[in-house]
Amino acid sequence: MRTIITEKEEAGRRIAEILIPNFIEETRNNIIYFLDNDTIIIPARGHIVNPKLVGFRKAKTLDDLPITNIKWTVSKHNKDRIELFKHFLQDSDEVIVATDWDREGEVIGYNIMRYCLNIENPYEIKRAYYSALIEEDVKQAFQNLTHMNEALLTQGLARNIADIIIGLNLSKALTIVFKQHHPISQVPLGRVQSPLLSYVKAKVGVKVTENPSIWEYKENNTTYYIDLDGKTRYRILLQHEPITDEIEVVEIEEKEETENQAEPLYNTDDMMSASKLNPESTMSIMESLYLKGYMTYPRTTSRYVRNIRFLEEIEQTIREYYELPESFNCKNTPVQPIEEAHPDAILLTPEGIRAYYENKIKGRERFIASIVLNRTIRSFAPPLRYKNVYLKVRYETKDGFVTETIKWNKHIENIEEAIKYVTEETKEIPQIRTYKLIKIYSPKKTRTSWGKYEINVNTLTDTQMVEWMSSVGIGTEATRQIYPSLLKDSKHNYLDESNLPTMLGETVANIIDKILNISPSLTAELEHEINSLRTLSELSIFKQKVIEITKDYIEKLRNVNPPNFECPKGHKAVLVNRYDKFSGKVVVLLYCETCNKYYGV
C-alpha cells in the first residue's frame with residue numbers, strides 16, 4: 001500500500017483524479033480521504049502537529065519568563081486525523097509527502113512523519129514537488145520522487161521557533177504589565193506584527209508642517225539648439241559648456257539596435273501589488289484557482305519557470321483562443337533563476353487558460369486570472385528594433401576642442417509590437433559641416449508657498465503595508481498578507497477598519513518604539529538569518545539566539561508602567577474584554593466606572 005500525504009483536501013482530490021482516477025472517496029470521523037486498491041491519499045488540512053511551550057500557562061510574573069521548552073503536540077480537534085495517519089502510515093510499503101512546495105508544506109509533512117513513524121532524518125522521507133495541480137506536473141513529480149529539502153524544512157522549523165518563543169513570551173509579558181491596571185485577557189506582540197504596527201502609527205494621521213520650506217530650482221538652466229538653416233533648430237544635449245556659437249558635425253552614423261521590453265513573470269509580492277485588492281483576498285482567490293488546477297502555486301518568490309516545455313504549452317494554449325503575433329513567444333520571457341529549488345512563477349495553467357477563455361472562471365477569480373494572463377502575454381513580447389541616427393559633433397570649450405556623440409533620430413521598426421508607451425524621434429538629418437549654436441539661458445527661479453501651515457492627511461491600505469513589509473524584508477511571501485487583518489481583528493484591536501491606530505494600538509506602538517525598539521531592521525536581520533539556515537543541526541544555536549533576544553525584550557518591559565486611559569468625559573477608564581453579540585466575538589473596550597458605560601478603543 002502506498003500512502004500520500006497532501007496539505008489540503010482539494011489538493012488530495014485533484015491528485016487522486018490524476019493518479020488513481022477510479023478512486024473511492026471515504027469518510028472516517030468526518031475526515032475525507034481517497035483510495036483505490038494500491039494507494040491512499042490523506043489530506044492534513046494544514047498543521048496538525050504544532051509547537052507548544054511547556055509550562056507556559058503557569059507563568060504569572062515577568063520573573064517566570066521566558067518559557068522556552070518546546071514540545072510538538074497534536075490538538076484535541078486533530079486527534080482523529082493523526083490517528084488515521086498512524087493507522088495507514090504504519091501499514092504502508094511507501095509513504096510520500098506531497099504537501100505544498102514551501103517551508104510550511106515541508107514542516108507539515110515532516111511533523112506527521114516524525115510523529116507517526118519516528119523518522120527524524122529528512123533524507124529518509126520521500127517527497128513529491130509540483131508547481132501546479134495539473135496532470136503533467138503531478139505525474140512528473142511522482143515519477144521523479146526525491147527527499148525532503150533540508151534547507152526549506154530548517155527554515156520552516158526556525159520560523160516556528162522564533163514566532164512561538166518571541167511572540168508568546170512578549171505577549172504574556174506585556175499582558176502581565178497591563179493587568180496591573182486593566183482586567184484584559186491579552187495584549188499581543190510579535191516579531192513581525194510589532195514593527196508593522198509601529199510603521200503604521202508613524203505613517204498615518206494628519207501631519208501639520210509649520211512654515212513649509214521654499215521650493216526653488218537648484219541651478220541655472222541653459223539650453224542649446226543647433227540651427228540648421230536659419231529656420232529650423234533642434235535642441236541638443238551637450239556634456240560640456242561651449243564657449244563659441246559654432247558646432248561642427250564631423251560624422252553621421254546609423255545603428256540598428258534592440259531593446260528588451262518583455263516583462264518578468266509575477267511572484268507573490270508582485271501579485272499583491274498588481275491586484276489592488278485586499279492582500280488576504282488576493283491570496284484566497286489565487287489559492288482557490290490553484291486548487292482547481294487553474295493556476296500554479298501562489299506562494300513563491302520566483303519569477304521564472306523551470307520547465308520551458310510548460311511555458312511552451314501555455315503559449316500554445318493561448319494561441320488556441322487569442323490571435324497572438326508570431327513574434328510574441330515564450331523564448332522572449334525573461335529568465336530570473338534563484339539559487340534553491342522553488343515553485344514556478346505565478347501562471348495560469350493550460351487548463352486555467354481554457355477555463356478563462358471558455359468563461360468558466362468568473363467574478364473575482366476572473367479578475368485575478370486576467371492580471372496573471374495579461375502579464376504572461378507581456379512576458380512574451382519581442383525586443384523593440386531601432387534604427388537610430390547618431391551625430392559625432394565637435395565644439396570648443398574653455399579646455400579646448402571636444403568631440404562627443406549624441407543621439408539624433410530614434411526610429412522603431414516594430415512599433416506596432418510595443419507593449420507600453422514609446423515615442424519616436426524624427427528630425428532632419430544635417431550635413432557634415434559647421435552650424436550655428438544657439439544658447440538660451442534661464443535664470444534660477446523660486447516659488448514660495450503662501451500658506452503658513454501645510455496639512456497632509458496620510459492613510460495606508462493593506463496592500464501598501466504588505467509592500468512595505470516586502471521592501472524591508474520582514475515576513476514571507478506566504479504570510480505577509482495576513483498581518484494587516486491580524487492587527488484589526490478582535491484579539492488585537494490595534495487598527496480600526498480605516499487602518500488608523502486605535503487608542504490601544506497607539507499605546508502599544510509607543511511601547512514598541514520607545515521601550516522595546518523592535519525595529520524593522522532587527523526583524524529583517526532575524527528573517528535573513530532564518531533564510532540562511534541549511535541544516536537541522538543549526539537549529540539549537542538559532543534557538544539560543546532567539547531566547548537571548550526574548551530575554552532582552554522582557555527585561556526592557558520591566559521599565560513599562562501600565563498605561564492610563566480616560567473615557568470621552570475625562571474619567572479614569574480601564575481596558576476590558578466583552579462579548580459582542582453582533583460580531584459574535586470577544587472585543588476590547590474601555591469601561592468607565594464613573595459613567596458605568598463601555599466605549600470603543
Side-chain angles (χ1 to χ4, degrees), residues 44-86 89 103-104 106-122 125 150 153-179 184-194 479 486 491-492 516 518 523 526-527 529-530 533 535-558 577:
R45 296 196 73 176
H47 290 273
I48 59 177
V49 183
N50 292 288
K52 179 181 179 182
L53 293 179
V54 179
F56 184 73
R57 289 179 177 273
K58 296 178 181 178
K60 303 299 180 185
T61 69
L62 294 181
D63 292 333
D64 298 329
L65 299 174
I67 305 296
T68 61
N69 184 17
I70 296 176
K71 181 180 179 181
W72 293 86
T73 62
V74 178
S75 60
K76 288 182 179 179
H77 72 275
N78 279 320
K79 288 289 185 185
D80 289 338
R81 191 174 295 273
I82 201 68
E83 289 303 318
L84 184 69
F85 272 114
K86 272 187 179 180
L89 263 58
R103 300 176 187 91
E104 296 304 306
E106 222 71 2
V107 171
I108 289 168
Y110 180 73
N111 279 334
I112 292 172
M113 294 296 286
R114 66 174 172 172
Y115 191 94
C116 296
L117 298 179
N118 295 316
I119 297 178
E120 299 276 347
N121 186 350
I125 299 173
E150 187 178 10
L153 173 61
T154 303
Q155 293 161 20
L157 291 171
R159 191 161 275 107
N160 275 266
I161 291 169
D163 287 344
I164 192 170
I165 291 180
I166 296 176
L168 289 190
N169 280 289
L170 289 195
S171 297
K172 185 90 164 187
L174 189 58
T175 302
I176 289 171
V177 171
F178 269 65
K179 276 193 171 182
I184 188 171
S185 61
Q186 66 170 339
V187 187
L189 284 176
R191 67 180 187 89
V192 176
Q193 69 196 48
S194 295
T479 60
L486 191 68
K491 290 182 181 179
H492 291 73
L516 295 177
I518 306 179
T523 304
L526 188 62
E527 201 76 56
E529 187 163 341
I530 289 173
L533 296 174
T535 63
L536 294 175
S537 60
E538 299 173 86
L539 285 177
S540 58
I541 296 175
F542 174 78
K543 180 182 176 182
Q544 192 55 46
K545 179 174 182 176
V546 169
I547 291 172
E548 294 304 318
I549 292 172
T550 308
K551 285 180 178 178
D552 181 57
Y553 284 147
I554 292 172
E555 199 59 37
K556 290 177 179 178
L557 282 172
R558 294 182 186 277
N577 293 113

* Can you name the salt bridge (Lys or Arg N to Asp or Glu O under 4.0 Å) partners of Glu538, sequence neighbours left out? -> none

* Ile70 to Ile164 - nearest heavy-atom pair and separation -> CD1-CG2, 3.9 Å

* Mind checking whether Pro66 and Ile554 have side chains closer than 4.5 Å, heavy atoms only? -> yes

Show me, pair by pair, the donor-acceptor contacts under 3.5 angstrom made by side chains of residues 106-116, not counting sequence neighbours?
residue: Glu106; atom: OE1; partner: Arg127; partner atom: NE; Å: 3.2
residue: Glu106; atom: OE1; partner: Arg127; partner atom: NH2; Å: 2.9
residue: Glu106; atom: OE2; partner: Tyr129; partner atom: OH; Å: 2.4
residue: Glu106; atom: OE2; partner: Asn149; partner atom: N; Å: 2.9
residue: Tyr110; atom: OH; partner: Glu120; partner atom: O; Å: 2.6
residue: Tyr110; atom: OH; partner: Glu120; partner atom: OE1; Å: 3.3
residue: Asn111; atom: OD1; partner: Arg114; partner atom: NE; Å: 2.8
residue: Asn111; atom: OD1; partner: Arg114; partner atom: NH2; Å: 2.9
residue: Asn111; atom: ND2; partner: Val107; partner atom: O; Å: 3.4

* Is a side-chain N or O of Asn169 found less than 3.5 angstrom from the main chain of Ile165, in a donor-acceptor match? -> yes

* Indicate yes or no: at least one non-hydrogen side-chain atom of Leu168 is less than 4.5 angstrom from one of Ser171. => no

* **Counterpart residues, salt bridge (Lys or Arg N to Asp or Glu O under 4.0 Å), relative to Lys79 (two or more places apart)** => none

* To do: Kindly write out the residues that satisfy salt bridge (Lys or Arg N to Asp or Glu O under 4.0 Å) with Arg159, not counting sequence neighbours, or none if the list is empty.
  => Glu527

* Asked: So does Lys491 have more than 12 non-hydrogen atoms from other groups sitting under 6.0 Å from NZ?
  -> no

* To do: Determine the minimum heavy-atom distance between Asp64 and Lys58, stating which atoms define it.
  => OD2-O, 4.2 Å

* With sequence neighbours excluded, tell me which residues meet salt bridge (Lys or Arg N to Asp or Glu O under 4.0 Å) with Asp552. => Lys556

* Structure fact -> With sequence neighbours left out, the residues meeting side-chain hydrogen bond (donor to acceptor under 3.5 Å, both in side chains) with Gln193 are His492

* **No-hydrogen, no-angle side-chain donor-acceptor test under 3.5 Å, Asn577 and Ser185** => yes

* Asked: Side-chain contact, heavy-atom cut-off 4.5 Å: Ile176 with Lys60?
  -> no

